[in-house]
Protein chains: 2
Amino acid sequence: MNIGEIARRAGVSRSTVSYALSGKRPVSDETRRKIQDVIDELGYRPNASARALANGRTSTIGLVFPPAGNHYTGMQLDFIGSVVEAAAVHDYDVLLSPSGVDSDRSFQRLLGERRVDGAILMEIRLQDDRVDHMAELGFPFVTIGRTAHPEHGWWVGLDHTALAAACVHHLADLGHRKVAFVNRPEQLLRAGYESAHRGLDGFTKAAAERGLTVRTYCCGDDASSGQACVAQILHDDPATTALVTLNEAALGGLYRGLALAGRHVPRDFSVTGVVAARWAETVTPQLTAADVPAEALGRRAVDLLIERLDHPDAAARHHLLAPPISLRASTGPAA
Amino acid sequence: MNIGEIARRAGVSRSTVSYALSGKRPVSDETRRKIQDVIDELGYRPNASARALANGRTSTIGLVFPPAGNHYTGMQLDFIGSVVEAAAVHDYDVLLSPSGVDSDRSFQRLLGERRVDGAILMEIRLQDDRVDHMAELGFPFVTIGRTAHPEHGWWVGLDHTALAAACVHHLADLGHRKVAFVNRPEQLLRAGYESAHRGLDGFTKAAAERGLTVRTYCCGDDASSGQACVAQILHDDPATTALVTLNEAALGGLYRGLALAGRHVPRDFSVTGVVAARWAETVTPQLTAADVPAEALGRRAVDLLIERLDHPDAAARHHLLAPPISLRASTGPAA
DNA sequence: TTGAAAGCGGTACCAT
DNA sequence: ATGGTACCGCTTTCAA
């Protein structure tokens with residue numbers, strides 16, 4: 001069932017059907033009705049590939065995220081959900097690309113074969129070849145997170161530096177003097193992940209400011225790594241009374257490690273960090289944390305991208321969010 | 001940069017370039033090399049829309065899941081990840097469609113506009129209009145889960161009936177006599193979600209077989225609902241000593257509710273259910289559960305779909321998985 | 001207000 | 001082994 005068939009049955013030309021559909025040219029009521037009747041009867045919908053070929057737009061956006069090896073964090077996944085739903089509102093579909101670097105086949109397909117009109121990149125690294133590549137090509141994109149040189153201008157992000165610092169100040173205000181930092185896996189830190197780096201920076205600087213004694217750790221993205229990490233922390237310095245974490249997936253394990261070590265949260269150990277609200281609320285006691293607004297970030301990324309697609313010459317824009325710390329139940333005065 | 005440009009620069013015809021690329025017709029080494037040089041120099045890649053239009057295949061599969069209102073469960077999200085990665089292995093891209101019913105705009109686009117070659121449907125309902133619609137259209141699809149009449153034949157699924165029953169038997173063997181069932185939200189049960197229904201069935205029948213006293217509950221997909229649900233359970237029958245749950249997202253809240261009520265797991269209350277391993281391991285004590293093999297299910301769904309796409313006349317196939325219960329630390333003898 | 005026809009960028013059949 | 005060309009289904013310019 002193609003546009004020619006509709007035209008024939010309605011007794012008009014193909015162009016008239018096209019215009020009746022797009023509204024880009026006036027069509028008499030009479031004609032429009034005839035066409036619509038045929039369309040309704042046959043359940044016709046224009047072929048997306050043909051349309052994309054003809055007008056150069058696919059009405060699809062790409063969402064690029066690293067292949068996490070069936071190890072996605074809740075936050076990443078919240079992004080995906082919010083991006084898809086925000087895109088649907090604008091009648092865009094979302095094509096997923098599990099690509100960590102610009103040489104990945106899926107990434108090449110996305111850009112080279114023009115499968116999408118634009119892209120949203122997640123899990124940005126401070127030096128990110130995907131970003132460089134897209135910027136060089138003039139391909140429209142928005143990043144969730146920003147590189148060391150966010151000159152490309154189109155991004156939404158979290159102020160990890162400020163958030164980690166806020167956690168430190170919160171703990172320092174409560175009288176904690178020996179604080180540990182539980183980061184994402186070492187491999188990600190080494191790869192230059194933005195959140196891991198800026199979070200670590202913010203933590204380190206704020207701790208220095210407040211004269212705290214600190215140790216920093218990398219931790220695998222799973223519960224058992226979290227458990228092991230806490231064991232290590234308490235082994236390295238049993239006098240540690242609090243920790244700050246960016247590692248949502250390890251959270252349950254961190255709690256378990258503390259329980260095993262006989263530390264009661266928050267009575268004799270405080271835990272805080274940067275975690276999406278729904279995950280912060282699954283642990284007991286509920287985590288006092290800077291809530292990652294994954295939903296808002298995803299939605300804003302889509303809005304920015306669509307703005308960029310609609311106005312190719314618009315000035316670059318960005319949103320840097322720094323949500324406040326939600327006081328829940330996992331922090332208390334130093335013992 | 002299109003195929004004509006490549007042809008001109010290489011001094012050959014467009015068809016020769018096309019054949020050099022596809023290998024569907026012999027091309028002399030000499031010519032092939034000339035063409036390849038030009039392609040490498042210009043970084044040419046064939047346009048996906050044009051290719052899709054010409055040969056009727058998009059090399060894209062659709063992944064259809066209900067819009068969860070930024071409320072995806074870990075399991076759903078694990079599916080998405082595994083489907084995307086499995087598809088990438090076969091050089092297919094994945095288009096996400098947040099559609100709960102066949103009248104959703106995104107769903108209509110997927111099918112009507114032929115944006116994808118086939119689709120994978122998640123979160124199947126016993127009566128599912130999306131399935132009916134696709135079957136009627138002869139559109140290639142595979143479901144994760146199955147309807148009440150899985151005659152369409154192409155699906156992968158979990159034997160929720162058997163899994164819930166296994167949980168009951170496990171608890172009964174431990175001597176529990178009063179057991180509660182914590183299901184997905186009532187709204188999903190009413191909508192006919194397969195897992196909620198079959199799980200409830202399996203639980204109810206097995207409990208009857210073992211002569212247990214049971215109560216069944218629906219519970220929102222979040223921690224606070226879980227907490228409230230436990231409060232209700234203990235209010236309704238304080239002598240309850242165990243529960244079985246399908247509700248992964250509520251798990252943290254269930255544990256919290258028990259702790260608040262002064263019940264120690266597993267000493268005086270046992271918890272078990274059907275939950276993906278990585279989530280079962282985030283709670284303390286770790287959950288004894290039938291581990292949902294989300295990764296395997298996603299991968300198999302992709303494999304089946306691709307088989308169906310490659311062999312349109314192949315006989316329908318399916319995989320029904322029933323993973324064993326992983327004994328962890330959340331169940332014990334009845335008090 | 002409507003129609004005819006030239007693309008969009010590939011593929012594949014028919015020739016040579 | 002290679003070239004010419006019709007065609008995939010839709011959009012849009014040009015004409016009437």
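Lettering of chains follows the sequences in order, A, B, ..., and the numbering in each one begins at 1.
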Consider the side chain of [X], meaning its heavy atoms from C-beta on, and name the nucleotide among [options] that approaches it most closely.
X	options	value
B:T16	D:dT2, D:dG9, C:dG9	D:dT2
B:V27	C:dC13, D:dC10, D:dT2	D:dT2
A:V12	D:dC10, C:dG3, C:dG10	C:dG3
B:S13	C:dC13, D:dG4, C:dG10	D:dG4

For [N], does the base pair up with any side-chain atom of [X] as donor and acceptor (N or O, under 3.5 Å, distance only)?
X	N	result
A:R14	C:dG3	no
B:S15	D:dG3	yes
A:Y44	D:dC10	no
A:R25	C:dT2	yes

Between [N] ([atom2]) and [X] ([atom1]): distance, integer Å:
X	N	atom1	atom2	result
B:R8	D:dG4	CZ	P	13 Å
A:R115	C:dG9	CZ	C1'	14 Å
A:E5	D:dC10	CD	C1'	15 Å
B:N55	C:dA12	CG	C1'	10 Å
B:L53	C:dA12	CG	P	12 Å
B:I39	C:dG10	CD1	P	10 Å
B:K24	D:dA1	NZ	C1'	19 Å
A:R57	D:dG9	CZ	P	22 Å

message = Less than 4.5 Å apart, side chain to side chain, heavy atoms only: is that true for A:Q108 and A:H133?
response =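 Answer yes - side chains close enough.
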request  = Would you indicate whether the side-chain heavy atoms of A:L77 and B:I80 approach each other to under 4.5 Å?
outcome  = no
inquiry  = Check whether A:N47 reaches the backbone of A:S49 with its side chain - one donor and one acceptor, N or O, closer than 3.5 Å.
reply    =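 Yes; at least one donor-acceptor contact below 3.5 Å.
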With a cut-off of less than 4.0 Å, is there a side-chain N or O of [X] near OP1 or OP2 of [N]?
X	N	answer
A:S18	D:dC10	no
B:N47	C:dG9	no
B:S28	D:dT2	yes

request  = Please work out if A:V17 contacts a base, only the sugar-phosphate, or nothing of the nucleic acid, heavy-atom cut-off 4.0 Å.
outcome  =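 Counting heavy atoms under 4.0 Å across all strands, no contact is made by A:V17.
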ask   = Looking across every strand, which nucleic acid part, if any, lies under 4.0 Å from B:T31 by heavy atom: base, sugar-phosphate, or nothing?
value =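 If one applies the 4.0 Å heavy-atom cut-off, B:T31 turns out to touch the sugar-phosphate alone, with no base involved.
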ask   = Without hydrogens or angle criteria, can the side chains of A:T60 and A:D93 be said to hold a donor-acceptor pair below 3.5 Å?
value = no
query = If you measure from the Lys or Arg side-chain nitrogens to the Asp or Glu carboxylate oxygens, is any gap between A:R109 and B:D91 under 4.0 Å?
reply =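 Looking at B:D91 together with A:R109, the answer is yes, because their closest N to O distance falls below 4.0 Å.
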query = With nearest nucleotides of DNA chain D determined for A:M1 and B:E30 from heavy-atom distances, which residue corresponds to the more 5′ nucleotide?
reply =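 In this pair, the answer is B:E30.
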message = For A:R146 and A:L320: C-alpha separation, side-chain torsions, deciding distance, then whether side-chain contact (heavy atoms from CB on, under 4.5 Å) applies.
response = CA-CA 10 Å; A:R146 61 200 202 280; A:L320 183 62; 3.6 Å; yes
